[in-house]
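Predicted, not measured: the structure shown is a model, and the values here were computed from it. Count residues from 1 along the sequence.
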Amino acid sequence: FNVRSEKANIFEGFHLNPQFISIMGIILLIQVVLSYIGGKLFSCEGFGLRGWAVVIALSITMIPIDMIRKALGRK
């Protein structure tokens, strides 16, 4: 999401690209499925709500970090 736009608001115009939203939904679904049924093939195992909360929290931290990067890059 961060590389979609050079503006501070990474969600600006997000709704104007339904293909992007569909692809991101498919990627999310595949990641969840593989984390639970990937098993021996991908050397992984599923984790509970706490694990997903950590993943989401760490992912969200990239938004303010990218906003700082963009602000510093404009100078």
Side-chain angles (χ1 to χ4, degrees):
F1 291 100
N2 294 340
V3 297
R4 274 186 69 248
S5 171
E6 283 301 316
K7 298 177 182 175
N9 182 4
I10 61 172
F11 298 108
E12 183 177 346
F14 186 74
H15 65 286
L16 300 174
N17 194 341
Q19 292 86 10
F20 179 78
I21 296 170
S22 298
I23 291 169
M24 288 307 299
I26 291 168
I27 290 171
L28 176 66
L29 178 66
I30 290 171
Q31 287 178 335
V32 171
V33 169
L34 288 179
S35 73
Y36 282 98
I37 66 169
K40 291 181 183 180
L41 179 63
F42 296 106
S43 299
C44 64
E45 60 183 64
F47 46 84
L49 290 177
R50 181 182 230 167
W52 285 111
V54 170
V55 168
I56 291 169
L58 290 173
S59 300
I60 289 173
T61 63
M62 291 310 300
I63 294 172
I65 291 170
D66 189 59
M67 290 174 72
I68 293 168
R69 178 193 65 87
K70 288 176 182 176
L72 293 174
R74 289 187 191 139
K75 292 182 179 180

Hydrophobic cluster membership, L34 vs I26, 4.5 Å side-chain cutoff:
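Same cluster: L34 reaches I26 through Ile, Leu, Val, Met, Phe, Trp or Tyr contacts under 4.5 Å.
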So if you build clusters from Ile, Leu, Val, Met, Phe, Trp, Tyr with side-chain heavy-atom gaps below 4.5 Å, do V55 and Y36 land together?
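Same hydrophobic cluster.
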I68 and side-chain contact (heavy atoms from CB on, under 4.5 Å): which single residue from L72, I65, D66 fits?
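That would be L72.
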Positive for side-chain contact (heavy atoms from CB on, under 4.5 Å) with I27, one of I23, L29, I30:
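Only one of I23, L29, I30 forms a side-chain contact (heavy atoms from CB on, under 4.5 Å) with I27, namely I23.
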Heavy atoms of other groups near L49 CG, more than 12 under 6.0 Å
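Counting other residues, nucleotides and ligands, CG of L49 stays at 12 neighbours or fewer.
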For a quick test of reading the model, state the closest non-hydrogen atom pair linking W52 to S35 and the distance between them.
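Minimum heavy-atom contact is CZ2-OG, 3.5 Å.
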